[in-house]
Structures are given as C-alpha cells and as structure tokens.
*Asks:* 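One structure coming up, written as structure tokens, with questions to follow.
Order of appearance sets the numbers: ligands from 1, and atoms from 1 within every ligand.
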Amino acid sequence: MVVLLKKNIDEKQLNRLINWLEDFNIEIHMSQGMNTTIMGLIGDTSVVDIDLLKALDIVEDVKRIQEPYKNANRKFHPANTVVNIGGVKVGGGDFALIAGPCSVESLDQMKQIAKDVKSGGANMLRGGAFKPRTSPYAFQGMREQGIEVMMEARAVSGLPIVSEVMDPSQLKFFEDVDLIQVGARNMQNFELLKELGKLRKPVLLKRGLANTLQEWLMSAEYIMAGGNEQVILCERGIRTFETATRNTLDISAVPMLKSLTHLPIIVDPSHGVGIAKMVPPLALAATAAGADGLIIEVHNDPPHAMSDGAQSLTPEAFAELVTAIRNILPFAYKSNE
Ligand code: PEP
Ligand code: MN
C-alpha cells in the first residue's frame with residue numbers, strides 16, 4: 001500500500017500516523033521528493049482501513065498495490081484449484097455440467113429430470129429446495145423435504161447434488177448435499193459465509209446482483225479464511241440499465257477472474273439471460289471464454305414450472321446443447337496463468 005502525503009504536514013500528526021501503522025506490524029519506508037512525500041507500507045495491509053487513512057488531514061491519496069484477498073489470489077497460488085464434488089472434478093481442465101430444475105417440485109419430477117439430464121450429459125444435478133423469491137406469495141420451495149427428494153434423485157441417477165442454502169440455520173439440512181450453493185442475494189451474507197468457512201465441503205458462490213469482481217472475491221475470501229478452500233465461483237449475470245434480458249451476463253468476468261484467482265469459475269446462462277432460447281448461445285460463449293463449467297436450468301414441463309419456467313430448457317434441448325458444448329470445448333480459451 002502506498003500513502004501520498006500532503007505538502008507541509010504537521011510532524012506530530014505524521015508521527016501519530018506512523019505509530020498507528022506500526023501497531024499493525026507494518027514497516028514504513030518514507031520517500032521524500034521535491035514536492036511530495038510518499039510512504040510505502042510493507043506487511044499485511046489488509047488490516048488497514050483504507051477509508052480511514054484517506055480521511056486523515058495529512059493524507060492526499062492512498063493506493064492499494066496488492067489485492068486485499070490473499071487465499072483466493074492467483075499471485076500466491078498460481079496453480080488452478082480443482083474442486084472434487086462427490087467424485088466429479090471441476091477446474092484445471094475438468095468441466096462441470098450442472099443441470100436440473102430451478103425448484104424441486106416433487107419426488108417423481110426430480111427422479112425423472114435426474115435421469116434425463118444424466119443421459120443428456122450432465123455430471124451434477126441441481127434443484128432448489130429453499131427458494132429466495134422476490135415475492136413472499138410465490139412458491140418458497142419444498143424446504144427440508146426438498147433436500148430429501150434431491151438425495152433420492154442422487155440415489156437413482158448417481159449424480160452429485162447441488163442446492164441453495166439461504167441462512168445458517170438451514171445448514172443442518174445440508175450435511176449430505178455435495179455442493180452447497182450460495183445464491184446471488186446472499187453473496188454478502190457474511191455470517192452465512194463464515195459458517196460455510198467452518199465446513200470442509202464444496203461451496204458454489206454466485207455473484208451478487210450488483211457486485212464487482214473484487215467484492216465477489218472478498219466473499220470467497222470469507223469462506224477460505226475459515227479454512228474451507230473448496231470454493232467455485234458462478235457468474236450469473238448482473239444488473240445493468242438493460243431491460244430486454246433478465247440480467248446482463250458478464251462473460252468478460254471469466255477471463256478476468258482467471259487472471260485474478262485460481263478458483264474454478266462456472267457460468268449460469270439461465271439466470272443470466274432469463275429466456276430459454278437464448279441460453280444455448282450464452283452457454284457456448286461462456287464455454288469458449290474458458291469457463292470451468294455451466295449450471296443450466298432444465299425442466300420436464302417448462303410452461304408449468306413452479307419457478308423460472310421461461311428460462312428452463314427441456315431435457316431434449318439440454319442434450320442438444322451438450323453436444324454443441326463438447327464440440328467447442330477443445331477450442332476454448334485457456335489462460336496462460
Ligand atoms: C437459482 O439458482 O435458482 C437462483 C435463485 O439463482 P441466483 O441466486 O443466481 O438468482
Ligand atoms: Mn432459478
């Protein structure tokens with residue numbers, strides 16, 4: 001971190017600042033120019049409140065040289081992280097194809113979709129049991145019963161299961177869930193992230209509706225700081241001024257994250273665009289951009305789905321898409337990290 005000081009500053013205030021920084025075990029290198037004085041801060045500056053520093057009378061500007069996330073940072077961990085989810089690897093060349101309905105609706109539905117997406121090429125099964133809905137009057141999910149249904153669908157298909165947790169109090173139901181999803185609305189639910197950090201289980205961390213890549217990586221850092229390193233990031237579209245699509249899928253996040261972090265990054269084109277027929281082109285674009293996998297909503301009867309039918313593919317459309325994905329995978333962008 002570099003601190004640019006104002007001209008003609010008060011020595012007493014400067015000494016107070018130096019003492020304050022030294023209390024954090026930070027070493028200070030002063031460099032006096034003709035017009036400006038620069039302080040170079042060496043050590044763990046993640047503990048320093050940058051806004052507090054900027055607000056000081058004697059400080060002109062502050063710049064962070066190193067990103068505030070350590071565990072997720074590619075600089076300190078150059079090799080790609082590979083997350084193993086019930087035997088299915090994601091990252092470092094292994095591609096996740098997660099498919100299933102937005103919501104778990106019944107045991108029969110889930111068993112049938114599990115078989116269909118498996119024969120279509122999926123290697124994991126998704127299904128929301130606890131649903132974050134904009135309206136309190138909309139279907140809220142089958143809740144713990146939905147998790148049990150997912151487990152039965154795993155038993156018939158052999159596919160590891162992915163489901164969303166919304167609150168730490170629900171974690172007791174997730175002991176047998178292979179990949180725990182944190183939804184966009186909970187990306188900054190720090191208490192939930194801390195609880196997930198205590199587990200030794202894979203977590204799928206979706207990007208918040210209006211969060212920067214740095215904020216997202218700081219959320220991954222919350223989980224990793226607790227010792228749980230099995231984090232997969234999921235780009236699912238962000239809020240922009242555009243209203244023609246449900247969200248704006250930020251494909252550029254994929255190659256950018258590849259340079260910033262060693263964590264696997266998958267893409268959710270279903271929530272990204274919100275329109276079923278536009279899911280395949282975006283899924284292919286994400287694959288070509290170097291994503292480590294996709295999560296796609298698939299429903300046996302989209303017009304009657306209890307949530308997100310408009311963006312759900314039929315099992316047939318999913319199988320067709322998987323063939324196209326496999327065709328372009330060998331040509332996908334690979335970062336040189
Ligand atoms: C979902 O996966 O069904 C979901 C609610 O996603 P998101 O958190 O990305 O909106
Ligand atoms: Mn959904």
*Asks:* With no hydrogens and no angle check, just 3.5 Å: does a side-chain donor-acceptor pair link Glu67 and Asn73?
*Replies:*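 Per modelled atom types, Glu67 and Asn73 side chains form a pair under 3.5 Å.
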*Asks:* Which of the N/O/S atoms in Asp308 sits closest to the Mn ion (ligand 2)?
*Replies:*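 When I compare the N, O and S atoms of Asp308, OD2 is nearest to the Mn ion (ligand 2).
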*Asks:* For atom 4 (C) of ligand 1, grab the closest protein heavy atom and report residue, atom and distance to one decimal in Å.
*Replies:*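 Checked against all protein heavy atoms, atom 4 (C) of ligand 1 sits closest to His271 NE2, 3.5 Å.
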*Asks:* Check whether any N or O atom of Arg126, backbone or side chain, sits under 3.5 Å from an N or O atom of ligand 1, and answer yes or no.
*Replies:*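 Yes, Arg126 has an N/O under 3.5 Å of an N/O on ligand 1.
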*Asks:* Between the side chains of Asp292 and Lys89, is the shortest nitrogen-to-carboxylate-oxygen separation below 4.0 Å, so that they form an ion pair?
*Replies:*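 So Lys89 does not pair with Asp292 through a salt bridge.
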*Asks:* So, of the N/O/S atoms that Glu297 has, which is the nearest one to the Mn ion (ligand 2)?
*Replies:*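 Output for this pair reads OE2.
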*Asks:* Nearest N/O/S atom of His271 with respect to the Mn ion (ligand 2), by atom name, please.
*Replies:*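 Per the distance ranking, His271 contributes NE2 as its closest N/O/S atom to the Mn ion (ligand 2).
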*Asks:* Could you tell me whether Asp268 and ligand 1 have an N or O pair separated by under 3.5 Å?
*Replies:*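 In fact, backbone or side chain, Asp268 has no N or O that close.
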*Asks:* We want to know whether Asp167 and Ser169 form a side-chain donor-acceptor pair, criterion being a heavy-atom distance below 3.5 angstrom.
*Replies:*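 There is such a pair (donor and acceptor under 3.5 Å, judged by atom type) between the side chains of Asp167 and Ser169.
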*Asks:* Tell me whether Phe130 is reachable from Val149 by hopping between hydrophobic residues (I, L, V, M, F, W, Y) whose side-chain heavy atoms are closer than 4.5 Å.
*Replies:*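 Yes, Val149 and Phe130 fall within the same hydrophobic cluster.
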*Asks:* Any non-hydrogen atom of Cys102 lying under 4.0 Å from ligand 1?
*Replies:*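 Yes, Cys102 has heavy atoms under 4.0 Å from ligand 1.
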*Asks:* Would Arg207 count as a contact residue for ligand 1, given that I'm defining contact as a non-hydrogen atom of the residue lying under 4.0 Å from a ligand atom?
*Replies:*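 Outside the 4.0 Å threshold, so no.
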